[in-house]
Amino acid sequence: MELKLFGFIEEVIENLEKINGDLQNEARDLELFFQELLENNSDGDIKVNSRVKSSSSLREKIIRNNYYNKYKSSEEVILNLSDLIGVRVECRFMEDEMQIYNMLKKFFNKKNGDGYYYNALNKNIRLELASKQPQEQKNGFEIFRIDGVYEIHDRKIRFELQIKSLVNIFWSELEHKIIYKNNNYRIADGFLKELMGSIKKNLTMIDNQLLMIYNQFNSFNSIDSMMRKAQLELLLSKIIYDIFSAKLQNSIGFGVDFKKSCDTIMKYIFRTRNAENLEDYNKTLLKTMDRLNNISKHDINFNSEIEFERDLHFEDEFSSKIGYTVLQLINNDFQWNLFFRILFEIELGNNAEDFETFIKFIKNRFYENNSFARLNKEECKTVKNDIMLTIAHSFEMIGSIELIYDNKIEEMNKVITSFIDLICEKISIYEEWEKTRDVWLNLLHYKVLSIFNSKVETYKVKEFIEMVKHSDCKIEISKSIFKYIDKLDEMDMIKAEDVVRLFKIKVSLMMEE
């Protein structure tokens with residue numbers, strides 16, 4: 001025979017489900033009321049969310065708080081449920097929580113007969129503001145939790161208003177899922193309390209660091225803006241890594257190092273949103289933090305293939321070469337797959353559009369090299385295109401995720417700069433370029449390959465040596481070639497950096513003697 005307890009619980013749940021539609025509407029009313037109130041009275045970035053108590057959560061609460069003995073009817077349980085509706089005000093930093101609370105106290109300045117406070121604009125929404133805030137929880141940590149009532153259609157609905165910073169939102173989700181939902185907690189609760197306390201302290205420290213960076217970033221007399229941006233991107237890159245490394249461990253059972261991928265993703269996010277001034281940078285920061293907070297709440301499957309909603313389109317030959325090379329690797333190379341899975345999780349929307357935008361971002365990392373300004377004549381546009389396609393060809397050969405790492409892109413751009421210095425010094429008219437372009441572009445290709453410790457086929461090196469000998473490039477063949485000439489026939493591959501050393505060109509950063 002079933003315990004009376006469970007019959008009581010089911011009766012409460014049935015009553016809850018009957019009024020669920022009305023409760024959802026009332027939750028939205030409260031959400032819109034507080035959102036409008038706080039937006040009109042605050043210059044900060046504030047977001048308001050609401051929810052109605054779920055059936056599963058209510059079942060747990062009835063048992064945990066002994067409601068089946070405390071109340072005589074299911075209606076009485078619902079009537080006295082303090083968090084039947086939950087309203088959460090989300091702000092940026094922990095110090096913002098107190099500012100928002102003080103703002104509410106100032107606004108809700110009239111006392112009702114039930115002891116709750118209201119504003120003359122809407123007497124039906126009232127808050128209990130006499131109690132001390134923030135409240136101390138059972139775990140010893142503090143929270144801004146305010147009881148409220150909403151009278152509508154001759155019904156009095158109780159709701160709970162919480163004020164939480166981004167860090168405290170993350171903390172509450174963490175504690176709820178690891179401790180509150182874990183029946184094994186009591187086995188070693190002393191250890192876990194100490195451990196969770198340590199985590200909370202670290203999160204508080206992160207909040208302080210974020211606030212310091214934010215304040216410094218907005219300070220008129222603070223450090224150079226480029227340095228501030230770099231520091232901010234470094235911090236957010238670490239947050240991305242920490243969130244996704246934990247989810248990767250949960251999904252596939254082991255972790256990998258993808259820190260540099262996170263650096264690239266962070267640069268992509270800020271560059272593609274044109275976050276150049278302080279206001280745009282702040283908006284991008286807050287939007288990204290909010291998205292990462294949402295990502296932290298759900299699981300991610302790292303085992304599935306990445307799919308696109310439509311065929312992909314690229315704007316030029318360089319982008320096509322890069323794009324289709326990555327497409328061949330995206331579901332065959334784990335690092336490429338992981339990179340775009342993270343990128344697509346952060347950038348909500350169309351995968352195909354985000355992929356095309358990323359390829360354009362990579363193109364611009366090279367295309368905007370200031371040295372190209374030296375090739376400003378009309379015929380020099382062909383030279384620029386030749387250089388870009390050589391980079392793309394090298395990309396096809398290498399295929400490594402390292403190609404999009406920031407340090408590698410910087411190295412390739414240094415090579416492009418010194419290469420342009422070289423051809424501007426050695427070539428005076430465009431006709432000379434047309435005659436010798438294959439030699440110069442091969443040298444550029446080998447130098448790019450050397451950045452990635454790549455090897456090339458020996459027969460191609462021998463062909464190139466002959467090409468140099470019979471060209472008008474005025475490139476000397478280094479004496480070091482005699483170390484290889486007898487061995488070339490015995491070798492299938494040779495390091496690209498060794499190929500570069502075979503030629504003597506006195507231009508900094510481009511070739512070594």
Side-chain angles (χ1 to χ4, degrees), residues 233 236-237 239-241 243-244 247-248 251-252 256 258 260-276 280 283-368 385 388-389 391-406 408-409 412:
E233 290 172 8
L236 288 181
S237 175
I239 293 173
I240 290 175
Y241 180 81
I243 289 174
F244 281 93
K247 294 192 175 298
L248 183 66
S251 176
I252 63 177
V256 295
F258 55 97
K260 290 185 178 179
S261 288
C262 294
D263 293 341
T264 298
I265 289 171
M266 189 46 54
K267 283 190 177 295
Y268 166 80
I269 289 172
F270 278 98
R271 300 302 184 275
T272 54
R273 292 177 183 169
N274 298 315
E276 296 180 0
D280 291 336
K283 289 180 180 178
T284 300
L285 164 65
L286 295 172
K287 185 176 180 180
T288 305
M289 289 290 289
D290 185 56
R291 177 59 193 148
L292 291 173
N293 176 55
N294 290 332
I295 290 172
S296 69
K297 299 175 184 178
H298 63 80
D299 296 328
I300 299 174
N301 181 10
F302 292 89
N303 295 317
S304 60
E305 292 189 347
I306 290 175
E307 298 179 349
F308 296 94
E309 302 84 351
R310 57 169 172 80
D311 292 336
L312 295 164
H313 305 287
F314 304 106
E315 59 185 16
D316 51 48
E317 189 177 357
F318 174 90
S319 300
S320 293
K321 282 180 174 290
I322 300 293
Y324 287 118
T325 298
V326 176
L327 283 177
Q328 291 175 357
L329 297 166
I330 199 167
N331 287 320
N332 294 307
D333 183 293
F334 182 74
Q335 286 283 4
W336 279 111
N337 184 276
L338 177 60
F339 176 87
F340 282 101
R341 191 169 301 282
I342 295 172
L343 180 66
F344 294 159
E345 280 288 333
I346 296 174
E347 296 284 274
L348 285 174
N350 188 292
N351 287 356
E353 184 179 331
D354 290 337
F355 186 86
E356 291 163 352
T357 304
F358 180 78
I359 297 302
K360 185 177 181 180
F361 163 75
I362 291 297
K363 172 195 168 184
N364 289 337
R365 292 296 306 274
F366 298 109
Y367 206 77
E368 294 170 359
N385 188 56
M388 291 292 289
L389 290 180
I391 297 296
H393 174 60
S394 303
F395 196 106
E396 288 178 308
M397 286 192 61
I398 298 165
S400 168
I401 189 72
E402 290 186 41
L403 283 156
I404 60 172
Y405 288 169
D406 196 55
K408 296 298 184 182
I409 289 178
M412 285 188 278

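Not measured: the values here are computed from a predicted model.
Checked against the 6.0 Å centroid criterion, the rings of Phe355 and Phe358 do not qualify as a close aromatic pair.
Side chain to side chain, Asp316 and Ser319 meet the donor-acceptor criterion of an N or O pair below 3.5 Å.
A donor-acceptor contact shorter than 3.5 Å links the side chain of Glu309 to the backbone of Ala352. Without hydrogens or angle criteria, Arg365 side chain to Ile404 main chain gives no donor-acceptor distance under 3.5 Å. A donor-acceptor distance shorter than 3.5 angstrom exists from the side chain of Asn351 to the backbone of Glu307, with no hydrogens or angles considered. Between the side chain of Glu356 and the main chain of His313, a donor-acceptor pair closer than 3.5 Å is present. With hydrogens and angles ignored, the 3.5 Å screen pairs a side-chain donor or acceptor of Asn331 with a backbone N or O of Ile306. Side-chain atoms of Lys247 come within 3.5 Å of backbone atoms of His298 as a donor-acceptor pair (strictly under, hydrogens ignored).
Between Arg341 and Phe244 there is no side-chain heavy-atom pair separated by less than 4.5 Å. Counting heavy atoms from C-beta outward, Leu338 and Phe302 have side chains that approach closer than 4.5 Å. Glu315 places none of its side-chain heavy atoms less than 4.5 Å from the side chain of Ile359. Residues Ile300 and Ile295 form a side-chain contact, since some pair of their non-hydrogen atoms from C-beta on lies under 4.5 Å apart. Residues Met388 and Phe366 are in side-chain contact: their nearest non-hydrogen atoms beyond the backbone lie under 4.5 Å apart.
Figure legend: Lys363 and Tyr367 shown as a cation-pi pair, the cationic atom lying under 6.0 angstrom from the six-membered ring centre and within 45 degrees of its axis.
Within 6.0 Å of CG in Asp299 there are 12 or fewer heavy atoms belonging to other residues, nucleotides or ligands. Atom NZ of Lys260 is surrounded by 12 or fewer heavy atoms from other residues, nucleotides or ligands within 6.0 Å.
Using a cutoff of 4.0 Å between basic side-chain nitrogens and carboxylate oxygens, Arg291 and Glu347 are not scored as salt-bridged.
Under the 30°/60° scheme for interplanar angles, the aromatic rings of Trp336 and Phe340 are found to lie parallel.
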